[in-house]
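Scope of the values below: all heavy atoms of this structure, side chains included, with no hydrogens, waters or symmetry mates.
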Amino acid sequence: MATLDPVDAGDHVCWLVGPGDDFTATARAFAADGALFGDKVLLIGAPETRWSLDGASREVVVDPVAERAGGAAWNATALLDLVRQEAEAATHQGFRALRVLARMDRMWPRGASPQEIARHELELDALVLARGAVVVCAYHGAGFRPGLLEQAVGVHPHQLGTRAEVPGFRMYSAGTDCWSVSGVVDSDSADTFRTALDELVTRSATVRLRCEDLELVDVAGMRALVDAACKVPGRRIVIEKADEAFRRCWSLLGYDVPQIPVELAP
């Protein structure tokens, strides 16, 4: 995405905020679009009131750092609970959708691990799809090292901002326990891919990956699939719409055996 103007209900965007970006102006424009379209606006991580338009009832502003200072148990789970709660409230209050902009450096002021980012964003993506919300997660480059930004982008279906460390693949929710995978999974992105898969198999007994838009998976990517599937006993990964090249390589590597809980669907 070049701007946040085209975002709509059901979109989950990773905004990589660069040093030259006017974050406050973009945040205000995003909130103003919410008012225009009849959305309820939730701003998370606001250290100043310039985010807010006029304090109207359609807006909720929460700063995780201030909440923690006040003794609140604020973490990624609290953010998910708040988004879920406000999405339900928005429906009952007659809004079109819930529109969220979250500053992730305020969410994790001391940084986060790749596992924390993958877990949070995958859960949030499923929530966005289920509730029809609009969610933008703003990752300021000064607050996250490149590998963490790569992990964040890989588990969002949309991205604003350009950085060299953007991964070649994307994984995002396509339904209950079903995830669409697109792009390229190679040696450069296999670790990021494996981290996301680890979080999925931890949560679900069967994980379905739709791969019709997956251009390439090399040996490192296939090894990541095997390792993730075998990490937790009783788990299974189902690969849907894999092309013939994927199937041939999978068989040549000796992975098409009952001992490996990865199934290539017809």
| query | Sub-3.5 Å donor-acceptor pair from the side chain of Glu67 to the main-chain atoms of Ala72, do we have one? | reply | no
| field | side chain to side chain contact (heavy atoms under 4.5 Å, CB included) partner of Leu79, the single match among Val100, Val62, Ile44 | value | Ile44
| message | I want to check something: taking the side chain as every heavy atom from C-beta on, are Leu127 and Val83 in contact at a cut-off of under 4.5 Å? | response | yes
| query | Is the backbone of Gly18 close enough, under 3.5 Å, to the side chain of Asp21 for a donor and an acceptor to pair up by distance? | reply | yes
| Is there a path from Met107 to Leu82 through hydrophobic residues (I, L, V, M, F, W, Y) whose side chains come within less than 4.5 Å of each other? | yes
| Are the side chain of Arg99 and the backbone N or O of Lys40 linked by a donor-acceptor pair below 3.5 Å? | no
| query | With distance as the sole test, does Arg235 use its side chain to make a donor-acceptor pair with the main-chain N or O of Thr202 at under 3.5 Å? | reply | yes
| query | Hey, does the side chain of Arg170 reach the backbone of Val153 with a donor-acceptor pair shorter than 3.5 angstrom? | reply | yes
| request: From the options Asp33, Val13, Asp11, select the one residue that forms a side chain to side chain contact (heavy atoms under 4.5 Å, CB included) with Leu4. | output: Val13
| said: Using the rule that Ile, Leu, Val, Met, Phe, Trp and Tyr join whenever any side-chain heavy atoms are under 4.5 Å apart, tell me whether Leu209 and Val262 fall into a single cluster. | reply: yes
| said: Within a 6.0 Å radius of atom CG on Asp191, are there more than 12 heavy atoms belonging to other residues, nucleotides or ligands? | reply: no
| Short side-chain to backbone donor-acceptor contact, Asp105 and Ala142, under 3.5 Å | no
| Can you get from Met222 to Val181 by hopping between Ile, Leu, Val, Met, Phe, Trp and Tyr side chains that sit under 4.5 Å apart? | yes
| Between Asp125 (side chain) and Ser173 (backbone), is there a donor-acceptor pair under 3.5 Å? | yes
| request: Look at the aromatic rings of His156 and His12 and report parallel, tilted or perpendicular, splitting at 30° and 60°. | output: tilted
| said: Going by the rule ring pair (Phe, Tyr, Trp, His ring centres under 6.0 Å), which residues pair with Phe30 if we only count those two or more places apart in sequence or in a different chain? | reply: none
| request: Cation-pi check, Arg103 to Tyr139: give yes when NZ or CZ is under 6.0 Å from the six-membered ring centre and within 45° of the ring axis, no otherwise. | output: no
| task | Name all residues meeting the ring pair (Phe, Tyr, Trp, His ring centres under 6.0 Å) criterion together with His158; count only those two or more places apart in sequence or in a different chain, and write none if there are none. | result | none
| said: Would you say Ser204 and Asp177 are linked by a side-chain donor-acceptor pair, where the criterion is simply a distance under 3.5 Å? | reply: yes
| said: Quick check for you: to the nearest 0.5 Å, what is the distance between Ile237 atom CD1 and Leu197 atom CG? | reply: 5.0 Å
| request: Could you tell me whether the side chain of Arg247 and the main chain of Ala242 form a donor-acceptor pair under 3.5 Å? | output: yes
| query | Between Asp39 and Val41, is there a donor-acceptor pair closer than 3.5 Å when you use the side chain of the first and the backbone of the second? | reply | no
| Which residue, Arg194, His120, Arg119, Gln115, forms the side chain to side chain donor-acceptor pair (under 3.5 Å) with Glu199? | Arg119
| field | Full working for side-chain contact (heavy atoms from CB on, under 4.5 Å) between Asp198 and Lys231 | value | CA-CA 8 Å; Asp198 282 349; Lys231 179 183 179 181; 3.6 Å; yes
| query | Between the side chain of Arg68 and the main-chain N/O of Trp74, is any donor-acceptor distance below 3.5 Å? | reply | yes
| query | Between Leu214 and Val185, is a side-chain contact (heavy atoms from CB on, under 4.5 Å) present by the stated rule, with each step listed? | reply | CA-CA 8 Å; Leu214 191 60; Val185 180; 4.1 Å; yes
